[in-house]
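Read through the structure below, which is laid out as structure tokens, and then see the notes.
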Amino acid sequence: MTTPNKTPPGADPKQLERTGTVREIGSQAVWSLSSCKPGFGVDQLRDDNLETYWQSDGSQPHLVNIQFRRKTTVKTLCIYADYKSDESYTPSKISVRVGNNFHNLQEIRLPVFYVVNEESSSLPVSV
């Protein structure tokens, strides 16, 4: 999502999109996963249904790759995590890497996010 201003912590991304505060740009990208179980892939990750999700099927690290066709500025990345539903599948650490191609990705410094509670939440990560 892109945003002209800083997204408030805990804000509902869908509400922010409806009010024009942010714009969803994920549909402009090509998405790929390091692995997934059948029926738990990119379509389920992106379908806006909180009952469906991506489930990896392989060794760690589990990766979500988002590649834009042209250079794109991303100011906010929202991630929904639901510990009560996901339990052991909820990520404990998230790393964001950027670059011009897959071979020159560099991790960007963000406030490190750790899942520490059992609340459902949408996690805005400023990039």
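Heavy-atom basis, side chains included; hydrogens, waters and symmetry copies ignored.
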### Query
Is the number of heavy atoms from other residues, nucleotides or ligands under 6.0 Å of Gln15 CD greater than 12?
yes

### Task
Return yes when atom CZ of Arg18 has more than 12 non-hydrogen atoms of other residues, nucleotides or ligands closer than 6.0 Å, and no otherwise.
yes

### Message
As a test of understanding, state which of Thr73, Thr72, Ile66 forms a side chain to side chain contact (heavy atoms under 4.5 Å, CB included) with Ile25.
### Response
Thr72

### Query
Under a single-linkage rule joining Ile, Leu, Val, Met, Phe, Trp and Tyr whose side-chain heavy atoms are separated by less than 4.5 Å, which residues share a cluster with Phe102?
Leu105

### Query
In chain order, what residues pass the side chain to side chain donor-acceptor pair (under 3.5 Å) check against Arg70, with sequence neighbours excluded?
none

Identify every side-chain donor-acceptor pair in residues 44-52 under 3.5 Å, counting partners at least two apart or on other chains, and give the distances.
unit_1	atom_1	unit_2	atom_2	d
Gln44	OE1	Gly41	N	2.7
Arg46	NH1	Glu24	OE2	3.1
Asp47	OD1	Asn49	N	2.9
Asp47	OD1	Thr52	OG1	2.8
Asp47	OD2	Thr52	OG1	2.6
Asp48	OD1	Lys14	NZ	3.3
Asp48	OD2	Lys14	NZ	3.0
Asn49	OD1	Glu51	N	2.7
Thr52	OG1	Gln44	O	3.4
Thr52	OG1	Asn49	O	3.1

Please output the side-chain donor-acceptor pairs of residues 28-39 that fall under 3.5 Å, not counting sequence neighbours, one pair per line with the distance.
unit_1	atom_1	unit_2	atom_2	d
Trp31	NE1	Gly26	O	2.9
Ser34	OG	Leu63	N	2.8
Ser35	OG	Asp57	N	2.9

### Task
Supply the atom-to-atom distance Lys71 NZ to Asn100 CG, rounded to the nearest 0.5 angstrom.
6.0 Å

### side chain to side chain contact (heavy atoms under 4.5 Å, CB included) partners of Glu107, counting only residues at least two apart
Ser95, Arg97

### Message
Considering only residues two or more places apart or on different chains, which pairs with a residue in residues 55-75 satisfy ring-ring contact (aromatic ring centres under 6.0 Å, His included)?
### Response
none

